[in-house]
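See structure below.
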Amino acid sequence: MTIIATTDFSDIAQNAVQYAAALANTIKAKLVLFNAFTPPIHAANAHLSADTFQKLLDSNKERLNELAIEFKNKYQLEIETESNYSFIEEHLTALIEKYQADIIVFGMAEKSIEQELMGNTTTSAIKNIDIPIISVPLQAKFNGLAKMVFACDTRDDIPEHAKTLVRSITNPLNTEIEVFSVDTTVENIKKQPKEERNLTDETFTYFYKNVQSTEVLDAIRKEIKDVNADILVMMPKKYGFWGSMVHTSKTRIMASGLHIPLFSIPASL
């Protein structure tokens, strides 16, 4: 397995690459550290010479290599580094193909109205890049994954590729998996009691819980708190142009403001 961890050397991003390195060490994955170099605004406005710009780029690459050495010494990882002056999504697509990456790790921005309405680099990647993404908030640290909440419509909606990926991460960690479904249909809310049961398939054993609520995101957040989850898994769905005008992505909203990492797995790969 190969994990790409992105950083712009901000506190949020550096925390995310630390999380990625610890996870890679635990599941024996290869780690690629990636920085999409963007010069400071004041530097860009100063119309720097090519020589000065190259020095800034080289400095960024050196900083990334120092981070790689730190992780190699601490975690005994196989690590590659990539630094490029480009838009992050454009270069990520090339890196995914180059390294046959399985997961990308981003830092997760704090919750704000602007984040929910407009999104950010992380939420844009969730929407536009067809690869599983782990979004890590600043306060989240990797201390194993004792409890995973997998939020979906029903357990039957989980495709095989998602089960296989989850198993490859959780098996070495002995993670307890809860498949959490929220029923928002008024008739079902009125008629059906909540459902809780243990289930086993050929991929993994998990605990399935169905609750009734008209507020899906509130129900998910409450469940995360109630079970003290270490990570939340969701599968964003693609909409066409007109559909995107009327649908607000629950995954995108959850990717802004969580206190635990969000593992976003595309519904189809």
Side-chain angles (χ1 to χ4, degrees), residues 12 15-16 18-20 22-23 26-27 103-113 115-116 119-120 122-123 125-127 132-158 162-163 165-167 169-184 189 193-199 204-237 248-267:
I12 291 176
N15 180 66
Q18 287 279 354
Y19 187 98
L23 174 63
T26 302
I27 64 175
I103 298 171
I104 299 176
V105 176
F106 284 95
M108 182 193 296
E110 294 183 356
K111 184 179 180 65
S112 69
I113 297 298
Q115 296 286 7
E116 291 193 2
N120 54 30
T122 304
T123 57
I126 290 173
K127 179 180 178 181
I133 292 173
I134 298 178
S135 311
V136 184
L138 181 60
Q139 63 270 41
K141 310 299 177 186
F142 183 82
N143 296 305
L145 297 175
K147 184 77 174 187
M148 170 184 285
V149 171
F150 197 136
C152 59
D153 292 337
T154 71
R155 62 185 173 86
D156 296 326
D157 285 340
I158 304 176
K163 291 181 180 180
L165 179 60
V166 168
R167 180 182 61 181
I169 293 174
T170 59
N171 278 3
L173 298 165
N174 297 315
T175 305
E176 179 183 338
I177 302 168
E178 177 186 295
V179 176
F180 184 72
S181 173
V182 181
D183 196 334
T184 59
I189 291 174
K194 70 179 182 179
E195 179 184 6
E196 299 183 16
R197 52 199 170 110
N198 288 312
L199 298 165
F204 50 69
T205 300
Y206 53 90
F207 178 70
Y208 176 62
K209 179 185 286 187
N210 175 260
V211 301
Q212 284 73 50
S213 173
T214 56
E215 301 294 335
V216 176
L217 297 182
D218 288 344
I220 294 173
R221 291 189 179 104
K222 182 178 184 301
E223 188 66 14
I224 289 170
K225 183 177 180 181
D226 288 348
V227 303
N228 194 28
D230 297 295
I231 193 167
L232 169 68
V233 182
M234 297 182 75
M235 291 187 299
K237 296 182 178 179
T248 301
S249 169
K250 294 180 178 65
T251 307
R252 189 179 74 181
I253 294 175
M254 292 299 290
S256 174
L258 277 182
H259 68 280
I260 62 172
L262 169 66
F263 192 7
S264 169
I265 303 175

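Numbers here are sequence positions counted from 1.
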Which residues share a side chain to side chain donor-acceptor pair (under 3.5 Å) with K225, sequence neighbours left out: none
Would a 4.5 Å heavy-atom cut-off, applied to side chains only, mark F263 and L165 as touching? yes
Closer than 3.5 angstrom, by distance alone: can the side chain of N15 be matched with the main-chain N or O of A140 as a donor-acceptor pair? yes
Can you name the closest pair of heavy atoms from I177 and V166 and give their distance? CD1-CG1, 3.8 Å
Of all heavy-atom pairs linking L173 and L145, the shortest is CD1-CD1, 3.7 Å
Shortest non-hydrogen contact from A229 to I260? O-CG2, 3.4 Å
Does some side-chain heavy atom of I224 sit less than 4.5 Å from a side-chain heavy atom of H259? yes
When rounded to the nearest 0.5 angstrom, what distance separates CD1 in I220 from CG in L262? 9.5 Å
F180 and V149: which non-hydrogen atoms are nearest, and at how many Å? CB-CG1, 3.8 Å
On a heavy-atom basis, the closest approach of A146 and D230 is N-OD2, 2.9 Å
Taking atom CE of M234 and atom SG of C152, what is their separation to the nearest 0.5 Å? 9.5 Å
Using the side chain to side chain contact (heavy atoms under 4.5 Å, CB included) criterion, which residues pair with E176? Sequence neighbours excluded. K147
Hey, does M235 have a side-chain heavy atom less than 4.5 Å from the side chain of F150? yes
What are the two closest heavy atoms between P261 and I231, and how far apart are they? O-CG1, 3.4 Å
Close side-chain approach of L23 to I169, heavy-atom, < 4.5 Å: yes
Could you grab the distance from atom CE of M148 to atom CG of L232, nearest 0.5 Å is fine? 9.5 Å
Under the salt bridge (Lys or Arg N to Asp or Glu O under 4.0 Å) test, residues paired with K222 that sit two or more places apart: D226
Note, P132 side chain near P266 side chain (heavy atom, < 4.5 Å): yes
